[in-house]
Amino acid sequence: MAPQISLQKDKIRILLLEGVHQSAIDLLASRGYTNVEYLKTSLPEEQLIEKIADAHFVGIRSRTQLTRKVLENAPKLIAIGCFCIGTNQVDLKAATELGIAVFNAPYSNTRSVAELIIAETILMLRGIPEKNALCHRGGWLKSASGSYEARGKTLGIIGYGAIGSQLSVMAEAIGMRVIFFDVVTKLPLGNASQVHSMDELLAQSDVVSLHVPELPSTKMMIGGEQLEKMKPGAILLNASRGTVVDIDALAAALKSGHLAGAAIDVFPVEPRGNDDEFVSPLRGIDNALLTPHIGGSTMEAQENIGVEVAEKLATYSDNGTTTSSVNFPEVALPGQGGAHRLLHIHKNVPGILSAINQVFSENAINISAQFLQTNETLGYVVIDVDAEYSDLALEKLKNIPGTLRCRVLF
Ligand SMILES: NC(=O)c1ccc[n+]([C@@H]2O[C@H](COP(=O)([O-])OP(=O)(O)OC[C@H]3O[C@@H](n4cnc5c(N)ncnc54)[C@H](O)[C@@H]3O)[C@@H](O)[C@H]2O)c1
Ligand SMILES: O=C(O)CC[C@@H](O)C(=O)O
């Protein structure tokens, strides 16, 4: 039987992990949601299963792994808020099959990442990480050897989406030539040009920057073979996902001197929180500029993300709107105008819609408004009815075979 979730706001439990910005808590409070448990770190699977068992909403960043096992142990969960861009840490297939909506913040931190990459491009071309490390050890490497201006150099961007395209504009503003590779044909901004293969990009670029999502097709897309194809003395930047680069092969390419340097913000394995040790084959390599997955971590970005994602969760909770959900059919809903609103999430299989409508015809329940949207696997029906009928309708609806989640809004 599908879980029934029809609660007063103070009974709606929200679990926020990984130190999401205070703006999220403030936004939720302004919308009446005060039952919030706030943790600064992510949690290992067993602890997460314990905590999530009673949660109606969970908010995470990139570190928390919401696996099928975790989600199957979250019978009350209505929605997940990813307070970031990436959603690869959530088993989206499982979330969809369980009728749990997933939201994220697709744009709020993109400028922050692009700015960091520009800074790193300049620092790496000047060999600053190595010189800085030497100074800290009492050394003094005053030399122009291996130091270059960014002007006139070629920046190769892999993944020309929200981040890659902003980076393109900023890089041209400091005089770089920009080429990019993307699996989709994209409108080049400014004087940038799209190349038709990654090999072409690797062969031409002085600096290569990765801005692809984590997908089966992007896992290890930069391995030993690709690093070998980069120009001798080139620089690799990765602020996308740690699984995109073979980190051992990168360490070898830096140690051999084939690459002049690398700036890496994301790693195949990252510490759970600030108290855990960071372990990586890149540690101790002076020309590797290592940052703790902070590409999107600016005050501006985090504050905006907090508001954006918390608002999506509150709105979905308040009236069922799923606009910009990552995995749900999108429905933008008007106010209820005094009616009770039934939200029915079901497997998209033949016959289920007529079973839903039968509930209302057989029980003589008048429908004042009805909205339906489907995607490949999921159907989402929203039905407004007179207040006195909502309990009966909810009871009947949740027993329809194929129902995943069903709740009523008063
Ligand atoms: N370091 C950080 O803190 C940080 C912050 C934000 C985002 N990110 C990461 O950066 C990624 C990119 O962000 P975005 O906002 O630019 O995403 P986006 O979806 O706007 O752009 C991604 C681009 O990559 C392209 N792409 C997909 N597969 C590809 C492939 N195999 N080869 C070439 N191109 C491919 C897509 O067509 C798209 O144009 C995110 O998915 C996230 O994982 C990291
Ligand atoms: O804040 C984070 O943990 C992740 C940031 C970034 O990788 C994203 O996907 O937006």
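Note that the coordinates shown come from a computational prediction; the quantities given were computed from them, not determined experimentally. Side-chain atoms are counted along with the backbone in the values below, which use heavy atoms only and exclude waters and symmetry mates.
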**Donor-acceptor side-chain pairing of H258 and S256 below 3.5 angstrom** = no
**Asked** Around D275, counting heavy atoms of other residues, nucleotides and ligands shown, do more than 12 lie under 6.0 Å from its CG?
**Response** no
**Request:** Determine whether more than 12 heavy atoms belonging to other residues, nucleotides or ligands lie under 6.0 Å from atom NZ of K186.
**Result:** yes
**Point-to-point distance, once rounded to the nearest 0.5 Å, from CG of L16 to NE2 of H21** = 13.0 Å
**Message:** Looking at S317 and A314, would you say the former's side chain and the latter's main chain have a donor-acceptor pair under 3.5 Å?
**Reply:** no
**Message:** To the closest 0.5 Å, what do you measure between CD1 (I157) and OG (S168)?
**Reply:** 4.5 Å
**Asked** Within the distance-only criterion (no hydrogens, no angle test), does the side chain of T218 pair as donor or acceptor with the backbone N or O of P213 below 3.5 angstrom?
**Response** yes
**Message:** Is the shortest side-chain heavy-atom distance between I25 and Y38 below 4.5 Å?
**Reply:** yes
**Request:** Look at the side chain of K312 and the backbone N and O of G81, then say whether any donor-acceptor pair between them is shorter than 3.5 Å.
**Result:** no
**Request:** Please report the shortest heavy-atom distance between A162 and T110, naming the atom on each side.
**Result:** CB-CG2, 3.7 Å
**Prompt:** Is there a donor-acceptor contact under 3.5 Å linking the side chains of D199 and S197?
**Reply:** no
**Salt bridge E149-K153, side-chain N to carboxylate O under 4.0 Å** = no
**Prompt:** Between atom CZ of F410 and atom CD of Q336, what is the distance when rounded to the nearest 0.5 Å?
**Reply:** 10.0 Å
**Prompt:** Above 12 or not: heavy atoms from other molecules or residues under 6.0 Å from OH of Y148?
**Reply:** no
**Prompt:** Would you say the side chains of D265 and T291 form a donor-acceptor pair under 3.5 Å?
**Reply:** yes
**Request:** Might you point out which heavy atoms bring F267 and S280 nearest each other, and give the distance in Å?
**Result:** CD2-OG, 4.3 Å
**Prompt:** Can you tell me if NZ on K396 sees more than 12 non-hydrogen neighbours from other groups inside 6.0 Å?
**Reply:** no
**Prompt:** Should R63 and E270 count as an ion pair when the cut-off is N to O under 4.0 Å?
**Reply:** no
**Asked** V269 versus V279: any side-chain heavy-atom pair under 4.5 Å?
**Response** no
**Message:** With a 3.5 Å distance limit and no angle check, can you tell me whether T321 reaches the backbone of L333 through a side-chain donor-acceptor pair?
**Reply:** yes
**Prompt:** Any chance NZ of K231 has more than 12 other-residue heavy atoms, nucleotides or ligands included, within less than 6.0 Å?
**Reply:** yes
**Message:** So which atom in A249 and which in G224 form the shortest heavy-atom distance, rounded to 0.1 Å?
**Reply:** CB-N, 3.7 Å
**Prompt:** Does CD belonging to E225 count more than 12 external heavy atoms closer than 6.0 Å?
**Reply:** no
**Request:** Could you tell me the separation between the CD atom of Q302 and the OG atom of S112, rounded to the nearest 0.5 Å?
**Result:** 8.0 Å
**Heavy-atom side-chain contact between S209 and L167 under 4.5 Å** = yes
**Message:** Counting only heavy atoms from other residues, nucleotides and ligands, does the tally under 6.0 Å from NZ of K9 exceed 12?
**Reply:** yes
**Modelled atom types, side-chain donor and acceptor of Q370 and N357, under 3.5 Å** = yes
**Item:** Where at least one partner belongs to residues 124-136, residue pairs that pass side chain to side chain donor-acceptor pair (under 3.5 Å), sequence neighbours excluded
**Value:** K131-S147, N132-H136
**Prompt:** Do E97 and R68 sit within salt-bridge range, that is, some charged N less than 4.0 Å from a carboxylate O?
**Reply:** yes
**Prompt:** Is R407 close enough and on-axis enough to Y316, meaning under 6.0 Å and within 45°, for cation-pi?
**Reply:** yes
**Asked** Which heavy-atom pair separates K398 from C406 by the least distance, and what is that distance?
**Response** CB-CB, 4.3 Å
**Message:** With side-chain contact (heavy atoms from CB on, under 4.5 Å) as the criterion, how do R137 and D286 come out once you've worked through the C-alpha distance, each side chain's angles and the decisive distance to 0.1 Å?
**Reply:** CA-CA 11 Å; R137 295 198 291 266; D286 285 353; 2.4 Å; yes
**Request:** Run through T87, T96, I80 and flag the one making a side-chain contact (heavy atoms from CB on, under 4.5 Å) with N327.
**Result:** T96
**Polar side chain donor-acceptor pair, Q194 to T185, under 3.5 angstrom** = no
**Asked** Strictly under 6.0 Å, is that where the ring centroids of F328 and F103 end up?
**Response** no
**Prompt:** Please walk me through it: do I60 and C82 pass side-chain contact (heavy atoms from CB on, under 4.5 Å)?
**Reply:** CA-CA 5 Å; I60 61 168; C82 297; 4.2 Å; yes
**Asked** Of all heavy-atom pairs between S23 and G306, which one has the smallest distance, and what is that distance?
**Response** OG-CA, 3.3 Å
**Item:** Pairwise side-chain contact, L116 with T298, heavy-atom cut-off 4.5 Å (strictly under)
**Value:** no
**Prompt:** Are S108 and E308 close enough, and set up right, to give a side chain to side chain donor-acceptor pair (under 3.5 Å), and what steps lead you there?
**Reply:** CA-CA 8 Å; S108 293; E308 181 180 345; 2.5 Å; yes
**Message:** How long is the straight-line distance from CD1 of I128 back to CG of N287, given to the nearest 0.5 Å?
**Reply:** 12.5 Å
**Message:** What I'd like to find out is whether the side chain of K76 reaches to under 4.5 Å of the side chain of R405, using heavy atoms alone.
**Reply:** no
**Item:** Pairwise side-chain contact, L17 with L48, heavy-atom cut-off 4.5 Å (strictly under)
**Value:** yes
**Asked** Between K40 and E18, is there a side-chain N and carboxylate O pair less than 4.0 Å apart?
**Response** no
**Prompt:** Can a donor-acceptor pair be found between the side chains of D318 and Y33 at a distance below 3.5 Å?
**Reply:** yes
**Message:** Whether R283 and E277 form a salt bridge (side-chain N of Lys/Arg under 4.0 Å from carboxylate O of Asp/Glu) is what I want to check.
**Reply:** yes
**Prompt:** Any chance the side chains of R61 and S42 put a donor and an acceptor closer than 3.5 Å?
**Reply:** no
**Asked** Under a 4.5 Å cut-off applied to non-hydrogen side-chain atoms, are T374 and L378 in contact?
**Response** no
**Request:** Please say whether more than 12 non-hydrogen atoms of neighbouring residues, nucleotides or ligands are located less than 6.0 Å from CG in D276.
**Result:** yes
**Message:** Taking the side chain as everything from C-beta on, heavy atoms only, tell me whether V326 gets closer than 4.5 Å to L92.
**Reply:** yes
**Message:** Quick one about N304 and E300 (side-chain donor to acceptor, distance below 3.5 Å, no hydrogens or angles considered), yes or no?
**Reply:** no
**Prompt:** Under the 3.5 angstrom rule, does the side chain of N35 hit a backbone N or O of D10 as a donor-acceptor pair?
**Reply:** yes
**Item:** L189 to E172 - nearest heavy-atom pair and separation
**Value:** O-OE1, 4.2 Å
**Asked** Side chains of T41 and R272: do they bring a donor and an acceptor to under 3.5 Å?
**Response** no
**Asked** Of L77, I100, V58, which meets side-chain contact (heavy atoms from CB on, under 4.5 Å) against L66?
**Response** V58
**Message:** Nearest 0.5 Å, please: how far is CG in D91 from CD in E72?
**Reply:** 9.0 Å
**Message:** Please determine whether side-chain contact (heavy atoms from CB on, under 4.5 Å) holds for the pair V70 and I52, giving the CA-CA distance in whole Å, both sets of side-chain angles, and the decisive distance to 0.1 Å.
**Reply:** CA-CA 8 Å; V70 171; I52 213 168; 4.0 Å; yes
**Worked verdict on L397 versus T403 for side-chain contact (heavy atoms from CB on, under 4.5 Å)** = CA-CA 8 Å; L397 285 175; T403 300; 5.9 Å; no
